[in-house]
Amino acid sequence: MQSVVVAIMLLVSLSFLLKQSFMSWKWVVAIAIAAALFVGFSWPWAVEQNKLQIAGWLANPSIMADTAVVLTVEVALQLAFCIMEAKSADKKKLPLRKKILVGFLRYFPGVLFFAVLFSLLVTLVFALPGVSFRLIAWTLAGAVLILVPAFVWLIRFILPENKLRLELLFLLNFLVAGLGIIATVNGRTAVEGTNDVNLISLAFLLAIVLFGAVLGLFLRKIIRKP
């Protein structure tokens, strides 16, 4: 379970940096400053955590389910940003309501990245016993302040095309959503497995799928008919 959570944290961080690659440098610097200040001032809460408590959280299905809700909402917002960004090529011609929506989706930084930073701070506090907690926090804050704009620049340098970065952001969030489901299940299954197959129900399901496919093709031809 811990490896799945670490994978989600890495993907969330990469998704955050990819999202920032679509912003202006002023906004990137502002977000980096906000993240650095968050890390620097959150050390009093970080030192109150312990490894047993964190392990208990990861093993608690209720907490993981609540976390999955936040993860799902953020992934949905990121996917919506990708779709709106792809459709809204000419933002000047958009109505005001859509401009507001696109602006919100574009500048929403996400909250999971800040949770990742807090988790990283807690890990460093445990890994560096005897070192001043304040020093650890503000050293990490300085690293965040430098590394966020540096990684954004690196992403823009490696992937200069906006469309390619947008596709990668879309796929990354789908992967995050899948891993979130795995982390939420946490070894539990909703129903017991069975070897019996209800052929009538299966045939009925296939009939619905076939009917939907035929109806979709028919409507597509009608809509595209000149």
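Being a predicted model, the structure only gives us computed values, none of them experimental.
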Cluster link [X] to [Y], ILVMFWY, side chain under 4.5 Å:
X: Phe157; Y: Leu168; result: yes
X: Leu147; Y: Leu154; result: yes
X: Phe114; Y: Leu112; result: yes
X: Trp138; Y: Ile146; result: no
X: Leu169; Y: Phe104; result: yes

Side chain to side chain donor-acceptor pair (under 3.5 Å) contacts in which one or both residues fall within residues 71-81, not counting sequence neighbours
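Only Lys19-Gln78 qualify under side chain to side chain donor-acceptor pair (under 3.5 Å).
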I'd like a table of donor-acceptor pairs (distance under 3.5 Å, sequence neighbours excluded) in which one partner is a side-chain atom from residues 31-41, with atom names and distances.
none

Could you identify which residues cluster with Leu210, counting Ile, Leu, Val, Met, Phe, Trp and Tyr as linked when any side-chain heavy atoms lie under 4.5 Å apart, either directly or through a chain of such contacts?
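Hydrophobic cluster check, Leu210: joined to Val214.
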Could you work out, with ring pair (Phe, Tyr, Trp, His ring centres under 6.0 Å) as the rule, every residue matching [X], not counting sequence neighbours?
X: Trp27; result: Tyr107
X: Phe204; result: none
X: Phe211; result: none

side-chain hydrogen bond (donor to acceptor under 3.5 Å, both in side chains) with Ser42: which residues, sequence neighbours excluded?
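Result, side-chain hydrogen bond (donor to acceptor under 3.5 Å, both in side chains) vs Ser42: none returned.
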Which residues pass the side chain to side chain contact (heavy atoms under 4.5 Å, CB included) test with Leu105, sequence neighbours left out?
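Here the qualifying residues are Leu77, Ala80, Phe81, Met84, Leu101.
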Taking only residues two or more places apart in sequence, or in another chain, which ones meet Trp25 in a side chain to side chain contact (heavy atoms under 4.5 Å, CB included)?
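Trp25 satisfies side chain to side chain contact (heavy atoms under 4.5 Å, CB included) with Val28, Pro149, Val152, Trp153, Arg156 only.
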Without placing hydrogens or testing angles, list every side-chain donor-acceptor pair under 3.5 Å for residues 115-137, not counting sequence neighbours.
{"unit_1": "Thr123", "atom_1": "OG1", "unit_2": "Ser119", "atom_2": "O", "d": "2.9"}
{"unit_1": "Ser132", "atom_1": "OG", "unit_2": "Arg134", "atom_2": "N", "d": "3.4"}
{"unit_1": "Ser132", "atom_1": "OG", "unit_2": "Leu135", "atom_2": "N", "d": "3.4"}

Gap separating the CD1 atom of Ile158 from the OG atom of Ser21, nearest 0.5 angstrom:
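One gets 11.5 Å once the value is rounded to the nearest 0.5 Å.
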Going from CD on Glu167 to CD on Glu161, what distance comes out if it is rounded to the nearest 0.5 angstrom?
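Separation between the atoms: 9.0 Å.
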Test the Arg165-Phe22 pair against the cation-pi criterion, namely NZ or CZ under 6.0 angstrom from the six-membered ring centroid and within 45° of the ring axis.
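Yes; both conditions hold, so Arg165 lies above the ring face of Phe22.
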Distance-only donor-acceptor hits, side chain of residues 6-15, under 3.5 Å, sequence neighbours excluded:
{"unit_1": "Ser13", "atom_1": "OG", "unit_2": "Met9", "atom_2": "O", "d": "2.9"}
{"unit_1": "Ser15", "atom_1": "OG", "unit_2": "Asn173", "atom_2": "ND2", "d": "3.3"}

Should we count CZ of Phe174 as having more than 12 external heavy atoms under 6.0 Å?
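Open: at most 12 neighbouring heavy atoms sit under 6.0 Å from CZ of Phe174.
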